[in-house]
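Heads up, the thing below is written out as structure tokens.
Counting convention: from 1, in listed order, for ligands and their atoms alike. Keep in mind that this is a model prediction, so the values were computed, not measured.
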Amino acid sequence: MKVLLIEDNKTLADGLNHKLREVGFIVDTFYNGEDCLYSLEISSYDLLILDLGLPGIDGIEIIKKLRKSYINLLILVISARDKLDQRIYGLDTGADDYLCKPFETDEVIARVHALLRRNKNFASNKISYNDLEFDTKSHTLTQNGQIIELNKRESSIFEYLLQNLRMILSKENIVEHITSIDDEFNPTAIEIYISRLRKKLGKSINLKTVRGLGYMLS
Ligand code: CA
């Protein structure tokens, strides 16, 4: 899952960025509203964590702009604006959740998981597929209760394929989803990861190569 984090307090931003990566998210972090809008134009994200008091464009203005175009983007506001009317205004404008500062980073992580789960209509963090079960929270894959070891990239790719079952995903699309803006990544490496997934998961998965278009898990 890919998260965009916009927070102008660098200490807070860097701490959150670290924690989100630690628990397995792909994260891009920026410190102002302009960079937020720009990154949303050039990449796609599952969720935006947005501070409101930002230099340049205010967070509320960003939400208004986004709600006109990025309908499906989940928005979690993190803000020092903690008055009831400010919180209601944030939610009414289009935020999906609103967390007041100060907070514990663990609560941010928990809310991110809850929002993603709700959005995908999943009752839990676990996705079942044939005899496999993928835990989107711990990023572990099990087969009849036995853990199958996947490295971080393999796990990100498999999760992305699972969440887009029966959809053709191009290499570029996959790369965009599993890398952050500062990652160096060659799209041809996707072929290697796909072949490793096929080797590790064997008959449990039906992972097709759609010539010239990409890959599809069905
Ligand atoms: Ca701020």
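- Atom OD1 is the N, O or S atom of Asp8 at the shortest distance from the Ca ion (ligand 1).
- Among the atoms of Gly53, an N, O or S atom falls under 3.0 Å from the Ca ion (ligand 1).
- Side-chain polar atoms of Ser43 and Lys2 form a donor-acceptor pair below 3.5 angstrom.
- Here Asp58 pairs with Arg81 in a salt bridge; the nearest charged N to carboxylate O distance falls below 4.0 Å.
- Grouped by direct or indirect side-chain proximity (heavy atoms under 4.5 Å, Ile/Leu/Val/Met/Phe/Trp/Tyr only), Ile168 sits with Val210, Leu213, Met216.
- Using modelled atom types, one finds a donor on one side chain and an acceptor on the other under 3.5 Å when comparing Ser204 with Asp131.
- Backbone or side-chain N, O or S atoms of Asp51 reach the Ca ion (ligand 1) at under 3.0 Å.
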